[in-house]
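Given the structure is predicted, the values throughout are model-derived calculations rather than measurements.
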Amino acid sequence: MSGNNGSDSPDATDPGLEDQDIAGRVANAIPHLDGNAVAGPLWELFRFDIVAAIGRCRHCGAVRAFGETMVYVDAPGIVVRCASCEGVLLRLVETPTRYWLDVSGLSYLQIDREV
């Protein structure tokens, strides 16, 4: 792979390939983070650590820990996708006066009360 991002500019490179903290894949040029990246913003809403919660994807039925999800933060808000099918599980947008939370991609979220 040359590192070129496919643009017409000969100097263009894919910035995600050089950053080892971002888990971008060759097949998916948009870099993402793991589910830990959304722990802070969701703590402000729920007041529990969502990373250990178990969720079921409404798109493919996969049941996985929230920490295994793929988080995209390079958008107007945060988008969390299923690590199995890449379906959107959750979207969070914060404005100066409100949070907008869409969890329509989750069938359920199982939260351990002992943590």
Side-chain angles (χ1 to χ4, degrees):
M1 174 168 260
S2 69
N4 187 308
N5 69 0
S7 74
D8 292 335
S9 172
D11 297 327
T13 59
D14 186 343
L17 296 176
E18 301 300 322
D19 190 344
Q20 296 300 312
D21 295 332
I22 299 175
R25 296 179 296 167
V26 173
N28 182 0
I30 301 172
H32 65 273
L33 306 170
D34 68 23
N36 292 304
V38 77
L42 291 179
W43 172 265
E44 291 183 32
L45 293 175
F46 298 120
R47 301 293 180 199
F48 64 85
D49 185 9
I50 197 165
V51 173
I54 304 296
R56 182 177 185 273
C57 175
R58 195 170 128 192
H59 306 285
C60 71
V63 177
R64 303 176 79 136
F66 203 85
E68 298 177 20
T69 60
M70 300 182 306
V71 177
Y72 296 85
V73 295
D74 190 20
I78 295 170
V79 176
V80 178
R81 291 183 174 270
C82 174
S84 296
C85 72
E86 299 188 16
V88 175
L89 300 174
L90 178 150
R91 293 180 292 176
L92 174 65
V93 175
E94 181 180 355
T95 70
T97 58
R98 294 198 166 110
Y99 289 103
W100 295 85
L101 178 64
D102 171 14
V103 292
S104 62
L106 286 167
S107 296
Y108 65 80
L109 193 59
Q110 176 185 332
I111 302 152
D112 190 352
R113 295 178 71 182
E114 300 298 321
V115 177

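- L92 CG to L45 CG: the interatomic distance, rounded to the nearest 0.5 Å, is 6.0 Å.
- Applying the side chain to side chain contact (heavy atoms under 4.5 Å, CB included) rule to S104 yields the partners R58, D102; only residues at least two apart in sequence or on another chain are considered.
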Checklist entry - Which is it for L109 and V103 under the side-chain contact (heavy atoms from CB on, under 4.5 Å) test, yes or no, and what are the steps along the way? => result CA-CA 10 Å; L109 193 59; V103 292; over 6 Å; no
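- Listed by chain and residue number, nothing satisfies the salt bridge (Lys or Arg N to Asp or Glu O under 4.0 Å) test with E94 (two or more places apart in sequence, or in another chain).
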Extract all donor-acceptor atom pairs below 3.5 Å that involve side chains of residues 75-85 and protein atoms in other chains or at least two apart in sequence.
| residue | atom | partner | partner atom | Å |
| --- | --- | --- | --- | --- |
| R81 | NH1 | E86 | O | 2.6 |
| S84 | OG | R64 | NH1 | 2.8 |

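- With values rounded to the nearest 0.5 angstrom, L106 atom CG is found 12.0 Å from I54 atom CD1.
- Atoms CD1 and OG1, on I50 and T69 in that order, are 8.5 Å from each other to the nearest 0.5 Å.
- Partners of Y108 under the side-chain hydrogen bond (donor to acceptor under 3.5 Å, both in side chains) rule, at least two apart in sequence or in another chain, do not exist in this structure.
- One hydrophobic cluster, built from ILVMFWY side chains closer than 4.5 Å, cannot hold both I111 and V51; they sit in different ones.
- Pairs passing the ring-ring contact (aromatic ring centres under 6.0 Å, His included) check and including a residue from residues 43-65, sequence neighbours excluded, read F46-F48.
- Of all the heavy atoms in V71 and D34, the pair that sits closest is CG2-O, 3.3 Å.
- In this structure, W100 shares a hydrophobic cluster with V93, the cluster being traced through Ile, Leu, Val, Met, Phe, Trp and Tyr side chains under 4.5 angstrom apart.
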